[in-house]
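In what follows, chains are A, B, ... by sequence order, proteins preceding strands, each numbered from 1.
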Amino acid sequence: MENEKRESLNFIEQMIENDLKSGKHQAIQTRFPPEPNGYLHIGHAKSIHLNFGLAEKFNGKCNLRFDDTNPEKEDVEYVDSIKSNVKWLGFDWDGEFYASDYFPQLYAFAVQLIKDGKAYVDDLSKEEWNEIKGTPTVPGKESPFRSRSVEENLQLFAEMKDGKYQNGEKVLRAKIDMSSPNMHMRDPVLYRIKHVEHHRTGNDWCIYPSYDFAHGQSDSIEHVTHSLCTLEFEVHRPLYEWIIEQLEIFPSKQTEFARLNLSYTIVSKRKLLELVEGNYVAGWDDPRMPTISGIKRRGFTPESIKNFVKKVGVARRDGITDVAVLEHAVREDLNKKTNRVFGILDPVKLVITNWPEDKEETLTAVNNPEDESAGTRDMMFGREIYVDRADFMKDPPSPRKWFRLGPDREVRLKYAYIIKCTGFDEDENGEVTTIYAEYDPETRSGQDTSGKKVKGTLGWVSVKHAVNAEIRLYDRLFKTENLNDIDDDFKNHLNPDSLEVNTKAVLEGSLASAKIGDTVQFERVGYFRVDEDSTDDKLVFNRTITLRDNWEKQQGK
RNA sequence: UGGCCUAUGGUGUAACUGGCAACACGUCUGAUUUUGGUUCAGAAGAGUCUAGGUUCGAGCCCUAGUAGGCCAACCA
């Protein structure tokens, strides 16, 4: 242990370690506190792994708590999706709570503050308040209602609760400091009137606590030791602490970290909602969406998300992570787990002229070279096969640059034979329609006695056994690297080629039995997942991510 | 004109609390390869925003500046 290189901890882990060492806490309690007003995205995955991961690492607990204090925007649909997303990511919460569970307690806290002369009912309209609140550089003035008596405040607040007033007519404010340079300390709203049905409490309440008056106390009630949130809540921390101090309740501690920004990606619930509602994508779970539901459907794995988040780390400065890191994490995981199959995206027929018409041979293919336990499968080989159009050139460059097929060039058909191209047909547009080749019987895979060496190996699909499928080729949803930098509408930056539907692809026969959720690698092409839209007579595959492609990179030069 | 936060290769993070700036992604070489994948070997790339200060010694501490972010919702 002593000699082991000390694992570097992020600043939050260091803090926890100190808190545990000093005896400040015997154990830690964290929580993941989403508002059920949208679907979780990759940014939330960072927070989820942070909170649940910390609890795991330090033997603590982590709750799932819904911050449902604004019934206008929230819905059970979101609660359900959030719960299933968190589970999919691999976590189980200790307690499942809702801020709305605490409404009675929160109300009592408010009454307590009023009694202590630290909160008051304000009659000012939003507009009137805007005029006196000042600006960050100009101190605000006090509301004329600030000095109401405790009795009057108590009565008014009770009347607010009883529905005597309309929306916006009155609010409950904390009495703090109208000249504070921190706007959040200038008598912030604690309760507002909303005659709106809540997805959990129904019509029990017509007043709802604000974020600031719910979050900290909820943490405190659950004895959350470390309340982690993103940087923009930093300015709320003095208020978070003020409320806890006034109430003299368990002192949860808020710590902020930088949210995740990803290049070519937008992580804002509001903007994602806009994409969904404007039908720019097919829904929250569109495989191009950075939502957990979307990346799951796209074919990303929970493990790859975990590894990605680990690579990104946690710190207090905000920046933008390259999506390449995510893509690498996905390839890394899929490379280990996924079975290789042959899928030809742009098929062209190839006839082996010296192969007998009706002869078929059964070949053995390795399912996963990275995992011997994945075994092998049989593949049928015959006179007519499909190869990819991209693997043939009528007039290819030197064999040193072009490993694939062309007139008089030799390649190996993987698991089968070495063939030599003897000719091709083309249509009036110069499009190749059929390739002709001869095979060398001495070169059968595994029992090659020819001593031939070829540089190129091609995938192929037997015409007779080919399976058709719809392949959805997904690419980045946006064409702009840093979407935080733009000052026009983010929708102007959508990538028009983010989805290409391919219906001409042919797949090897073994894929006929593919099931929804199956993930495979089409050799030399990429990773694919069988989509939910698949039916008994039509398979639909989503391209999760292409393989790394040094060849294409060379071409670019 | 205010307050708070941040500043380390192209990007994201480290540097055991003051001791030769490390890792990952990306980039580039080369080797292996029946996937132009994987794997393996290697390289380039920052002297830590700037200027002072403390110190034998500063990326770490102090001061000032600069740059960026956040804050003026009855959103979270």
Side-chain angles (χ1 to χ4, degrees), chain A residues 5-10 14 33-35 37 67-70 72-74 122 125-126 129-130 133-140 167-173 180-186 188-194 207-208 210-212 214-215 229-238 256 258 260 263 269-270 308 310-329 331-332 335-336 340 342 366 369-370 402-404 411-416 418 445-446 448 454-459 484 521-526 546-554:
Chain A
K5 203 173 13 173
R6 182 180 171 136
E7 180 203 8
S8 76
L9 302 176
N10 65 48
Q14 288 177 18
E35 182 189 13
N37 68 341
D67 234 335
D68 55 350
T69 57
N70 185 2
E72 279 165 326
K73 296 183 177 174
E74 296 152 6
D122 189 10
S125 69
K126 227 179 276 191
W129 177 258
N130 283 342
K133 74 182 174 199
T135 71
T137 55
V138 178
N167 293 352
E169 212 176 318
K170 286 181 166 41
V171 292
L172 182 73
R173 290 185 182 282
S180 170
N182 182 342
M183 296 299 287
H184 295 277
M185 297 300 272
R186 319 243 274 221
V189 168
L190 268 23
Y191 263 94
R192 70 284 212 205
I193 299 169
K194 278 181 196 284
I207 57 172
Y208 293 95
S210 61
Y211 164 82
D212 288 304
H215 201 98
C229 61
T230 45
L231 251 27
E232 66 268 27
F233 289 96
E234 202 172 323
V235 285
H236 291 252
R237 193 182 344 127
E256 312 83 18
L260 174 73
S263 61
K269 268 200 254 181
R270 204 203 85 232
F308 165 67
K310 206 181 283 177
K311 286 172 202 281
V312 170
V314 180
R316 265 183 81 79
R317 63 170 150 171
D318 55 342
I320 181 161
T321 297
D322 193 338
V323 259
V325 180
L326 211 209
E327 295 172 346
H328 174 264
R331 290 193 183 103
E332 189 179 36
N335 176 51
K336 286 183 301 197
R340 273 62 168 171
F342 289 141
V366 173
E370 308 295 319
W402 177 258
F403 304 164
R404 286 117 99 154
V411 297
R412 171 173 291 284
L413 295 174
K414 192 163 186 177
Y415 302 126
I418 289 178
S445 197
D448 190 323
V454 291
K455 204 68 166 116
T457 302
L458 268 45
N484 292 136
Q521 180 197 109
F522 291 174
E523 287 211 32
R524 307 203 303 136
V525 179
T546 59
L547 252 33
R548 255 184 77 195
D549 192 350
N550 281 321
W551 162 247
E552 190 143 283
K553 228 180 272 171
Q554 294 294 324

TODO: Starting at the 5' end of nucleotides 34-42 of chain B, put B wherever the base has a protein heavy atom under 4.0 Å, S where only the sugar-phosphate does, and a dash everywhere else.
DONE: BBBBS----
With [atom1] as the reference atom in both, quote the distance from [N] to [M] in angstrom, rounded to an integer.
| N | M | atom1 | answer |
| --- | --- | --- | --- |
| A44(B) | U54(B) | C1' | 37 Å |
| G2(B) | U11(B) | P | 30 Å |
| U13(B) | U29(B) | P | 29 Å |
| A15(B) | G52(B) | C1' | 25 Å |
| C23(B) | C16(B) | C1' | 15 Å |
| A21(B) | C49(B) | P | 15 Å |
| G59(B) | A14(B) | C1' | 12 Å |
| G65(B) | U6(B) | C1' | 16 Å |

Just wondering, do [Y] and [X] contact through their side chains at under 4.5 Å, heavy atoms?
| X | Y | value |
| --- | --- | --- |
| R548(A) | H328(A) | no |
| E234(A) | R316(A) | yes |
| V312(A) | L260(A) | yes |

Donor-acceptor under 3.5 Å ([X] side chain, [Y] main chain):
| X | Y | value |
| --- | --- | --- |
| S263(A) | V323(A) | yes |
| R173(A) | R186(A) | no |
| N182(A) | V235(A) | yes |
| R331(A) | G526(A) | no |
| Y208(A) | D68(A) | no |
| K269(A) | E35(A) | yes |

- [ ] Given ring pair (Phe, Tyr, Trp, His ring centres under 6.0 Å), test H215(A) with F233(A) step by step and report yes or no.
- [x] CA-CA 11 Å; H215(A) 201 98; F233(A) 289 96; 7.3 Å; no
Rounding to an integer number of Å, can you tell me how far [X] [atom1] sits from [N] [atom2]?
| X | N | atom1 | atom2 | value |
| --- | --- | --- | --- | --- |
| E234(A) | A72(B) | CD | P | 14 Å |
| E327(A) | U27(B) | CD | P | 11 Å |
| L260(A) | G12(B) | CG | C1' | 10 Å |
| N484(A) | U11(B) | CG | C1' | 14 Å |
| R316(A) | C60(B) | CZ | P | 19 Å |
| M185(A) | A72(B) | CE | C1' | 15 Å |
| D322(A) | U13(B) | CG | C1' | 14 Å |
| R186(A) | G2(B) | CZ | P | 14 Å |

- [ ] First locate atom CD of E552(A), then atom CG of L547(A), and finally report the distance between them rounded to the nearest 0.5 Å.
- [x]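 With rounding to 0.5 Å, CD (E552(A)) is 11.5 Å from CG (L547(A)).
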- [ ] For N484(A) and D318(A), run side chain to side chain contact (heavy atoms under 4.5 Å, CB included): C-alpha distance rounded to whole Å, both residues' side-chain angles, the deciding distance at 0.1 Å, then the answer.
- [x] CA-CA 11 Å; N484(A) 292 136; D318(A) 55 342; over 6 Å; no
Task: Glycosidic conformation of G45(B), taking syn as within 90° of 0 and anti otherwise - done: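 It is anti.
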- [ ] Determine if the base of U35(B) is syn or anti; take syn to mean the glycosidic torsion is within 90° of 0.
- [x]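 Anti.
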Taking any heavy-atom pair under 4.0 Å as a contact, classify [X]: base, sugar-phosphate, or nothing.
| X | answer |
| --- | --- |
| N182(A) | nothing |
| V314(A) | sugar-phosphate |
| T135(A) | base |

Every protein N/O within reach of nucleotides 74-76 of chain B N/O, cut-off under 3.5 Å:
| residue | atom | partner | partner atom | Å |
| --- | --- | --- | --- | --- |
| C74(B) | O3' | R192(A) | NE | 3.4 |
| C74(B) | N4 | L124(A) | O | 3.4 |
| C74(B) | N4 | G168(A) | O | 2.9 |
| C75(B) | OP2 | R192(A) | NE | 3.0 |
| C75(B) | OP2 | R192(A) | NH2 | 2.6 |
| C75(B) | OP2 | K194(A) | NZ | 3.0 |
| C75(B) | O3' | R192(A) | NH2 | 3.0 |
| C75(B) | O2' | N70(A) | ND2 | 3.1 |
| A76(B) | OP1 | T69(A) | OG1 | 2.6 |
| A76(B) | OP1 | R192(A) | NH1 | 3.3 |
| A76(B) | OP1 | R192(A) | NH2 | 2.9 |
| A76(B) | OP2 | Y211(A) | N | 2.8 |
| A76(B) | O4' | E35(A) | OE1 | 3.4 |
| A76(B) | O3' | D67(A) | OD2 | 3.3 |
| A76(B) | N6 | H236(A) | NE2 | 2.9 |

- [ ] Among C71(B), G2(B), A15(B), find the nucleotide with the atom closest to the side chain of V235(A).
- [x]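 Closest of the options to the side chain of V235(A): C71(B).
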TODO: Respond yes when some side-chain nitrogen or oxygen of K310(A) is under 4.0 Å from OP1 or OP2 of U13(B), and no when none is.
DONE: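 No, because none of the side-chain N or O atoms of K310(A) sits under 4.0 Å from OP1 or OP2 of U13(B).
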Open item on the list: Within 45 degrees of the ring normal and closer than 6.0 Å to the centroid, is that where the cationic atom of R524(A) sits relative to W551(A)?
Closed with: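 No, cation not above the ring by the 6.0 Å, 45° rule.
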TODO: Dump the intermediate steps for side chain to side chain contact (heavy atoms under 4.5 Å, CB included) on K414(A) and V366(A), then the final yes or no.
DONE: CA-CA 10 Å; K414(A) 192 163 186 177; V366(A) 173; over 6 Å; no
Open item on the list: Reading RNA chain B from 5' onward, which residue's closest nucleotide shows up sooner: K311(A) or A258(A)?
Closed with: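 Mapping each residue to its closest nucleotide by heavy atoms, the 5'-most match is A258(A).
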Task: A315(A) vs H328(A), nearer the 5' end of RNA chain B by closest nucleotide - done: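 Result of the comparison: A315(A).
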- [ ] For RNA chain B, just give me the dot-bracket, please: Watson-Crick or G-U, both distances below 3.5 Å, ( ) intra-strand, [ ] crossing earlier pairs, | paired with another strand, . unpaired.
- [x] .((((((..((((.....[..)))).(((((.......))))).....(((((..]....))))))))))).....
